[in-house]
Amino acid sequence: MGLFYNNNEAGSGVAKRGRQKKPFFRFWEMFANKFWTFFKINLIYVLFCLPIVTFGPATAAMTALMRNIYLERPQFVFHDFWQAFKKNFKQSVFIGIVDVIMIVSVWIACFQFLMNESLPDGSLVFICIMICCATLVFIMHFYIYLEIVALNLSIGSILKNAVFLVFLGVKRNF
């Protein structure tokens, strides 16, 4: 190769920001390449979620690992999970307890509405309000744990930003 090619000349080389794949194909390529890493992360997540109180910190730690995978950063699964678990413990415990209360409340309310044969006249309005609030909180969680992991904000700021992001990205969220 040295006879026909001169290595001393500067060429275009490899572009720093080469062609990016479409998100759909990038997802499936990443999923195939990191399948066993995802399996390990989910196994650790389930083990850490067994006590209900650690639901929030385990979700924050899993979010941190998934964010690192997306950003293509190297990681050690258990060590990084444990570090993110400890780092985000305080904020995510509060959010996790609110999550558990919200899930139980919605489940009880749905059970009561479905089992009641004769609903009062104004109950349809309350059912609609409950469904709207539950949907808002559900979509907010796409942003809450990412903000806990990536930003250094107070709980109030995190919740405020999550509400703003829900309404600013309505099309993307649905």
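In this structure, R172 forms no cation-pi arrangement with F142, as its terminal cationic atom is not both closer than 6.0 Å to the ring centre and no more than 45° off the ring axis.
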- [ ] Please test M62 against Y145 for side chain to side chain contact (heavy atoms under 4.5 Å, CB included), starting from the C-alpha separation and ending with a verdict.
- [x] CA-CA 9 Å; M62 182 183 70; Y145 286 106; over 6 Å; no

Open item on the list: As a quick check of understanding, evaluate side chain to side chain contact (heavy atoms under 4.5 Å, CB included) for T59 and H141, giving each step before the final call.
Closed with: CA-CA 10 Å; T59 304; H141 278 77; over 6 Å; no

TODO: Apply side chain to side chain contact (heavy atoms under 4.5 Å, CB included) to I41 and I69, showing your working.
DONE: CA-CA 11 Å; I41 290 170; I69 287 173; 3.7 Å; yes

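Put simply, the side chain of Q91 gets close to the backbone of L153: a donor and an acceptor are under 3.5 Å apart.
Listed by chain and number, the residues in a ring pair (Phe, Tyr, Trp, His ring centres under 6.0 Å) with F94 amount to none (sequence neighbours excluded). For F27, the ring pair (Phe, Tyr, Trp, His ring centres under 6.0 Å) test picks out no residue, with sequence neighbours left out. Scored by the salt bridge (charged side-chain N to carboxylate O under 4.0 Å, His left out) test, K34 finds no partners at all (sequence neighbours excluded). Qualifying ring pair (Phe, Tyr, Trp, His ring centres under 6.0 Å) partners for Y45, counting only residues two or more places apart in sequence or in other chains: none.
Residue N152 holds its CG atom at 12.0 Å from CD of E147, rounded to the nearest 0.5 Å. The line from CZ of R67 to CD of Q75 is 11.5 Å long, rounded to the nearest 0.5 Å. The distance from the CG atom of L136 to the CD1 atom of I131 is 14.0 Å, given to the nearest 0.5 Å. Rounded to the nearest 0.5 angstrom, M30 CE and K21 NZ are separated by 10.0 Å. Atom CD1 of I155 is separated from atom NZ of K90 by 11.5 Å, given to the nearest 0.5 angstrom.
There is no path of hydrophobic side-chain contacts, each under 4.5 Å, that joins V137 to I129. Under a hydrophobic-cluster definition in which Ile, Leu, Val, Met, Phe, Trp and Tyr are linked whenever side-chain heavy atoms come within less than 4.5 Å, directly or via other members, I144 and I139 are assigned to the same cluster. Using a 4.5 Å cut-off between side-chain heavy atoms of Ile, Leu, Val, Met, Phe, Trp and Tyr, with links allowed through other members, I95 and Y143 fall into the same hydrophobic cluster. M102 and I108 fall into different hydrophobic clusters, where Ile, Leu, Val, Met, Phe, Trp and Tyr are joined by side-chain heavy atoms under 4.5 Å apart, directly or via other members. If you chain together hydrophobic residues whose side chains sit under 4.5 Å apart, F81 and F89 fall into the same group.
R26 has a carboxylate O that lies under 4.0 Å from a charged side-chain N of E72, or vice versa, which qualifies the two as a salt bridge.
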Quiz: residues 46-57 side-chain donor-acceptor pairs under 3.5 angstrom, not counting sequence neighbours:
from	atom 1	to	atom 2	distance (Å)
T54	OG1	F48	O	2.3
T54	OG1	P51	O	2.9

Less than 3.5 Å apart, which donor and acceptor atoms pair up between the side chains of residues 157-166 and the rest of the protein, not counting sequence neighbours?
from	atom 1	to	atom 2	distance (Å)
S157	OG	S154	OG	3.2
N161	ND2	S157	O	3.3

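Between F111 and W107, the ring planes lie parallel to each other; the angle is under 30°, not in the 30° to 60° tilted range.
Across all non-hydrogen atoms, the minimal contact from V77 to L65 is O-CD1, 3.7 Å. Closest approach of I148 and S92 over heavy atoms only: CD1-CA, 4.2 Å. Nearest heavy atoms, A134 versus V106: CB-CG2, 4.0 Å.
Ring centroids of F85 and W82 are separated by less than 6.0 Å, placing the two rings close together. In summary, the aromatic rings of F35 and F31 are positioned with their centroids under 6.0 Å apart.
By the 6.0 Å contact criterion, CG on N33 is enclosed, its count of non-hydrogen atoms from other residues, nucleotides or ligands being greater than 12.
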